[in-house]
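Down below is the structure, laid out as structure tokens.
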Amino acid sequence: MASSTVTSAQPDRPQQPNLAFRQLRGRRSPAEFAAAVRRAAREIGEQVSCDARYVGRVEAGEIRCPNYAYERVFLHMFPGRTLTDLGFAPRSSVRGRRTRAAGEGLAAHPGGPPLTGGETEGPGEPYDTHDTFDPQDPHHPYDTHHNDEESDVLRRAFMTGGATVAAVSLGPLGLALDAAAAQRPVRRAGTSDAGALEEAVRRIRLLDDRHGADGLYRRAAAPLRAAYALLDAGATRQATADRLYSGAGELAISVGWLAHDSGRFDDARSHYAEALATARMTGDPGLEAHAFCNTAFLARDAGRPREAVRAAQAAQRAARPLGSSRLASLLALREAGGWAGLADRVGCEQALTRAQTLFERGPSDADPEWMSFYGEAELEALEAQCWSTLGDWPRAARHARRAAELQDPHFTRNIALYSAELADDLARGGRPDEAAAAGMRVLDLLDEVQSSRIHTMLAGTARVLLPHRRASGVSTFLERHASLPRPT
């Protein structure tokens with residue numbers, strides 16, 4: 001980063017360091033300790049996206065009390081200790097702040113409870129979707145107790161505006177950025193701004209995992225504009241500037257994926273290119289590999305298989321110094337998808353074999369945080385897509401079925417996606433009754449998931465099944481599919 005991005009500024013408000021937690025980390029680096037946290041989470045069936053930055057925030061006192069998922073992990077790691085022993089504040093003292101703010105000061109957002117001038121928003125930030133994201137939800141993996149140092153732009157962009165996600169469908173998320181706030185000069189960005197940006201990226205991924213892209217994309221551009229406004233404002237120190245650029249690039253990829261999954265390919269291509277430019281400008285190989293990875297996926301979906309191969313190979317070159325076998329495995333699968341699109345069975349099989357070999361090396365501390373979706377289920381699903389493209393329907397169906405069976409229930413969208421892939425493979429493979437049954441399982445999930453990709457796949461399956469409407473269960477599936485509201 002150019003030195004001009006770093007300027008002197010007033011220091012952030014002092015916080016009380018968590019010395020007890022720092023002592024428990026011992027001689028391990030923050031990254032090593034974060035890896036131990038992730039391993040402990042897997043041991044008890046939790047999912048947390050802990051990284052070195054999260055550890056740093058805890059030790060700096062930014063996170064006064066972890067969410068419930070992290071609490072269970074920490075108490076598993078340090079049996080016999082309480083949260084207080086680990087240096088955290090009692091949960092009641094943290095959660096009570098919002099209650100005390102009621103009836104005082106300025107409203108945090110229209111229709112929401114007021115906050116005092118120095119108060120943070122409650123446990124639902126930065127994308128507070130009150131009905132869906134219960135702060136006591138055991139699968140809510142991201143701690144959201146930020147300090148109150150965020151700029152007005154981030155507050156308006158990353159804190160919600162009172163809209164909720166209904167229990168049965170994804171509604172507006174209220175991520176709109178106030179136009180006047182976006183145009184006002186903002187102070188130099190600090191570590192809290194970088195942290196808020198990183199949490200925004202995580203929350204978009206979490207929402208997409210659970211609900212799909214369609215309800216998110218229309219409101220996701222505003223936080224991205226806010227992120228780049230922060231970059232233009234400069235940062236208080238070089239490390240913060242680096243985090244901001246990395247976070248903005250990852251946010252561009254996340255927004256690009258929302259466009260991609262909702263069928264807006266031109267928008268997706270633009271966002272991925274923006275992320276790639278940010279990666280090249282800052283010399284960030286991890287961000288570059290991620291941008292090329294998604295570009296390869298987009299090219300395959302857009303019918304440009306040769307571009308998919310070249311982008312996947314570029315991603316593999318960028319990722320080589322990162323040392324992540326799981327990342328290399330995913331990128332090999334992206335390449336395999338391109339070869340399948342070119343009807344090159346040999347090239348596809350070679351890439352699939354390489355992906356499987358790399359995957360079997362297991363996870364490591366070098367695996368990027370954004371790869372939380374990539375496990376055995378995704379490996380099976382991507383291989384199923386390759387065989388489907390090559391027209392080997394029985395083989396595709398076998399892998400798609402395994403993907404749906406293996407998928408963690410947390411990833412609702414992926415369960416629907418894999419089941420839709422299975423339904424299509426079965427239909428094209430001459431097994432209409434089984435295809436209809438798989439299609440019905442997808443329809444059952446559409447109250448929770450909004451994805452144009454899944455709707456498009458189901459529509460294709462319905463067309464294939466039309467000549468088989470007399471087969472068991474097919475007419476029921478066709479009638480129910482026909483009654484779906486058309487995606488807008």
Side-chain angles (χ1 to χ4, degrees), residues 45 47 132 139 165-171 206-216 261-263 301 372-389 392-487:
Q47 284 195 328
T132 297
H139 296 293
V165 177
V168 296
S169 65
L170 185 61
L206 177 65
L207 289 170
D208 177 53
D209 288 341
R210 291 184 174 182
H211 300 290
D214 286 11
L216 286 169
D261 195 43
S262 55
D301 285 353
S372 61
F373 72 94
Y374 185 57
E376 192 175 0
E378 181 74 6
L379 174 70
E380 293 285 346
L382 292 176
E383 182 164 354
Q385 291 171 16
C386 289
W387 294 121
S388 178
T389 303
D392 191 337
W393 311 117
R395 201 166 183 177
R398 186 166 64 250
H399 286 284
R401 189 186 303 278
R402 182 161 170 76
E405 292 170 349
L406 288 170
Q407 183 58 62
D408 189 311
H410 168 76
F411 293 92
T412 311
R413 175 216 173 255
N414 281 359
I415 294 174
L417 178 65
Y418 302 160
S419 299
E421 174 72 34
L422 173 61
D424 197 63
D425 294 335
L426 290 168
R428 296 176 190 278
R431 297 155 71 179
D433 52 342
E434 294 180 58
M440 292 293 284
R441 290 195 293 273
V442 180
L443 293 173
D444 290 339
L445 293 171
L446 291 186
D447 283 343
E448 302 176 51
V449 175
Q450 290 188 353
S451 168
S452 294
R453 176 190 299 272
I454 294 171
H455 278 278
T456 300
M457 293 173 69
L458 278 183
T461 302
R463 287 193 295 271
V464 174
L465 289 178
L466 273 174
H468 306 279
R469 61 172 60 88
R470 294 180 183 273
S472 174
V474 172
S475 61
T476 303
F477 165 74
L478 292 175
E479 290 169 5
R480 187 171 169 194
H481 177 263
S483 70
L484 287 177
R486 298 299 95 184

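Along the sequence shown, residues are numbered consecutively beginning with 1.
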- Message: side-chain contact (heavy atoms from CB on, under 4.5 Å) for Ser475 and Arg470? Distances and angles first, verdict last.
- Response: CA-CA 7 Å; Ser475 61; Arg470 294 180 183 273; over 6 Å; no
For [X] versus [Y], what's the shortest heavy-atom pair and its separation?
X: Ala403; Y: Ala377; value: CB-O, 3.3 Å
X: Ala435; Y: Ala427; value: CB-N, 3.5 Å
X: Ser388; Y: Ala396; value: N-CB, 3.5 Å
X: Gly460; Y: Asp424; value: C-OD1, 4.0 Å
X: Arg469; Y: Val474; value: CA-CG1, 3.6 Å

Can you tell me how far apart [atom1] ([X]) and [atom2] ([Y]) are? Round to the nearest 0.5 Å.
X: Arg413; Y: Asp261; atom1: CZ; atom2: CG; result: 4.0 Å
X: Ile454; Y: Asn414; atom1: CD1; atom2: CG; result: 8.0 Å
X: Asp444; Y: Ile415; atom1: CG; atom2: CD1; result: 12.0 Å
X: Arg402; Y: Leu406; atom1: CZ; atom2: CG; result: 4.5 Å
X: Leu426; Y: Glu421; atom1: CG; atom2: CD; result: 10.0 Å
X: Leu446; Y: Leu458; atom1: CG; atom2: CG; result: 6.0 Å

- Salt bridge Arg431-Asp425, side-chain N to carboxylate O under 4.0 Å: no
- Message: Any salt bridge linking Glu383 with Arg395? Criterion: basic side-chain nitrogen under 4.0 Å from a carboxylate oxygen.
- Response: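 Salt bridge between Glu383 and Arg395, a charged N being under 4.0 Å from a carboxylate O: no.
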- Query: How far apart are the C-alpha atoms of His481 and Leu465, what are their side-chain angles, what is the distance that settles it, and do they pass the side-chain contact (heavy atoms from CB on, under 4.5 Å) test?
  - Reply: CA-CA 11 Å; His481 177 263; Leu465 289 178; over 6 Å; no
- Task: Ignoring hydrogens and angles, state whether a donor on the side chain of Glu405 or Tyr418 is under 3.5 Å from an acceptor on the partner side chain.
- Result: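 Result is no, nothing qualifies.
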- Query: So, the side chain of Ser419 versus the backbone of Ala416: is there a donor-acceptor pair under 3.5 Å, distance only?
  - Reply: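 Pair absent, no side-chain N/O of Ser419 close to backbone of Ala416.
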- N/O donor-acceptor pair under 3.5 Å between Thr456 side chain and Ser452 backbone: yes
- Task: Evaluate the criterion side-chain contact (heavy atoms from CB on, under 4.5 Å) for residue pair His468 and Asp433; output intermediate values, then yes/no.
- Result: CA-CA 9 Å; His468 306 279; Asp433 52 342; over 6 Å; no
- Query: Looking at side-chain heavy atoms only, is the closest gap between Leu422 and Glu434 below 4.5 Å?
  - Reply: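 In short, these two side chains do not touch, never coming nearer than 4.5 Å.
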- Message: Quick one, Leu484 and Leu443 - any side-chain contact, counting heavy atoms below 4.5 Å?
- Response: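 In contact.
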- Item | Glu380: which of His399, Arg398, Arg401 passes side chain to side chain donor-acceptor pair (under 3.5 Å) | His399
